[in-house]
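In what follows, a structure is listed as structure tokens, so that the remarks can point back to it.
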Amino acid sequence: EKINAILCVGSFCSVKEAAMRAMEAGGFDTSRNLLLYNFLHFSHQREDELEMEMEMEMEMRMKMKKMPRERKVKDKTSQDEDGLETDGTVPEFRLSVPRKFRSDVIEALRQSILDLTIGDTKRLDRFLQDKPEVAAEYRKIQNDVGYRMEHVQRILPYVEDTMDFLSPLEHIHKLRCRKVVLVHGEEDCVVPVQEARLMHKSMLRLKAREHELKLGANQTY
């Protein structure tokens, strides 16, 4: 009750919905590259490396006591790329990507983000100029939606719980402040304006505290 009002400017509502919308879209998308920069390693890494990383993350979650203690995988039975059933606890990977190559692909994503955010539009070109294989992989991720979604399907089992935890949509019922104001630019190229509309709609449905939605025409915030 100590906080009287909250102002949300260009914020996410459902991280997973926004992420999937970005992943399925064509063309260049800054929010997609931000997500891939943070999560692509889950698709590239070997299974033994992933298991070690997940164990470390679970230990951290249990210490924090703020995030789910178990990683849930919705589909308990799945098929690997050869059509063989697996138990669904973790995806079965047949991908073997050299460590330097995968780190370079992720660095290319970072450079593309910096191109836009700091105005130096040549950073990515300079980084890729002597790395033809990395450049080809980067462009395939950007332009081939089907290929990109293959990566997404390998990533999702490792990040779904975290995405839920980070989504304001999952915490609306906990609001105790008197008023929430949602401000979002209709041309936001990082967090789509649909996120503000979804939050507004959810707050109406839940009859949450007083709230207001303000959209900025031709604005990118």
Side-chain angles (χ1 to χ4, degrees), residues 1-25 29-42 53-74 106 109-110 112-119 152 155-221:
E1 298 292 341
K2 293 181 180 179
I3 300 175
N4 290 323
I6 296 175
L7 171 63
C8 302
V9 181
S11 60
F12 283 107
C13 175
S14 169
V15 174
K16 184 178 179 180
E17 283 194 25
M20 293 304 292
R21 192 181 298 115
M23 294 299 171
E24 292 168 353
D29 188 292
T30 307
S31 60
R32 180 174 67 225
N33 281 2
L34 281 166
L35 289 161
L36 288 171
Y37 171 68
N38 283 284
F39 299 132
L40 187 62
H41 66 283
F42 283 114
E53 186 166 329
M54 287 305 299
E55 286 178 9
M56 293 173 63
E57 182 178 346
M58 294 300 292
E59 288 178 7
M60 179 194 71
R61 288 185 181 185
M62 293 179 69
K63 288 178 181 178
M64 291 174 64
K65 296 183 179 180
K66 291 182 180 180
M67 298 180 73
R69 295 196 176 197
E70 296 182 359
R71 173 167 59 91
K72 296 173 286 186
V73 178
K74 294 181 180 178
I106 291 172
L109 291 164
R110 189 178 81 91
S112 73
I113 296 164
L114 292 175
D115 271 359
L116 181 67
T117 55
I118 68 174
V152 170
I155 292 168
L156 275 178
Y158 293 94
V159 301
E160 279 187 298
D161 283 357
T162 301
M163 285 183 166
D164 288 343
F165 177 77
L166 295 174
S167 296
L169 182 64
E170 302 295 323
H171 305 281
I172 292 176
H173 63 284
K174 301 176 184 176
L175 283 175
R176 296 293 181 269
C177 62
R178 294 180 181 177
K179 185 172 183 177
V180 177
V181 179
L182 307 170
V183 178
H184 213 118
E186 292 184 339
E187 304 301 323
D188 191 335
C189 63
V190 178
V191 180
V193 69
Q194 291 94 327
E195 291 295 290
R197 293 190 176 113
L198 176 60
M199 178 70 88
H200 178 62
K201 183 178 179 180
S202 300
M203 295 181 77
L204 284 173
R205 185 171 60 250
L206 293 174
K207 297 181 180 179
R209 300 295 179 100
E210 182 184 353
H211 57 281
E212 186 176 351
L213 174 63
K214 293 180 177 291
L215 301 180
N218 303 315
Q219 298 297 320
T220 59
Y221 52 77

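- Relative orientation of the Tyr158 and Phe42 rings is parallel, given thresholds of 30° and 60° on the angle between their planes.
- For the pair Val181 and Ile6, the minimum side-chain heavy-atom distance is 4.5 Å or more.
- Note that the SG atom of Cys13 and the CG atom of Leu169 stand 4.5 Å from one another [nearest 0.5 Å].
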Original post:
Stepwise, does the side chain to side chain contact (heavy atoms under 4.5 Å, CB included) test hold for Val180 with Glu212?
Top reply: CA-CA 6 Å; Val180 177; Glu212 186 176 351; over 6 Å; no
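- A salt bridge does not link Glu210 with Arg178: none of the charged nitrogens is closer than 4.0 Å to a carboxylate oxygen.
- When all heavy atoms are compared, the tightest approach of Cys177 to Ala5 is CB-N, 4.2 Å.
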**OP:** Would you sort out whether Leu213 and Leu182 count as a side chain to side chain contact (heavy atoms under 4.5 Å, CB included), showing the intermediate values?
**Re:** CA-CA 5 Å; Leu213 174 63; Leu182 307 170; 3.8 Å; yes
**OP:** Take His41 and Ile106 through the side chain to side chain contact (heavy atoms under 4.5 Å, CB included) test and state the conclusion after the steps.
**Re:** CA-CA 8 Å; His41 66 283; Ile106 291 172; 4.0 Å; yes
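- Note that the CG atom of Leu166 and the NZ atom of Lys16 stand 13.5 Å from one another [nearest 0.5 Å].
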**OP:** Starting from the C-alpha separation in whole Å, work towards a yes-or-no answer on side chain to side chain contact (heavy atoms under 4.5 Å, CB included) for Glu187 and Gln219.
**Re:** CA-CA 5 Å; Glu187 304 301 323; Gln219 298 297 320; over 6 Å; no
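- In terms of heavy atoms, Val152 sits closest to Met23 at CG2-CG, 3.7 Å.
- In this structure, His184 contributes its side chain and Val191 its backbone to a donor-acceptor pair below 3.5 Å.
- Counting all heavy atoms, side chain and backbone alike, Phe12 lies closest to Pro168 at O-CG, 3.3 Å.
- Between Gly10 and Asp188, the shortest heavy-atom distance links the atoms CA-OD2, 4.1 Å.
- Put simply, the side chain of Ser167 gets close to the backbone of Val15: a donor and an acceptor are under 3.5 Å apart.
- Side chain of Arg32 to main chain of Ala25: a donor-acceptor pair is present (N/O by atom type, distance under 3.5 Å, no hydrogens or angles).
- Contact between Glu170 and Asp164 at its shortest, heavy atoms only, is CG-O, 3.2 Å.
- Put simply, OG1 on Thr30 and OH on Tyr37 are 15.0 Å apart, with the number rounded to the nearest 0.5 Å.
- In this structure, CG on Leu35 lies 11.0 Å from CG on Leu40, to the nearest 0.5 angstrom.
- Atom CZ of Arg205 sits about 6.5 Å away from atom NZ of Lys201, to the nearest 0.5 Å.
- Between Arg197 and Glu195 no salt bridge is recorded (no basic side-chain N to carboxylate O distance below 4.0 Å).
- Residues Phe39 and Met163 come closest through the heavy atom pair CE1-CE, 4.2 Å.
- Donor-acceptor pairing under 3.5 Å is recorded for the side chains of Ser112 and Asn33.
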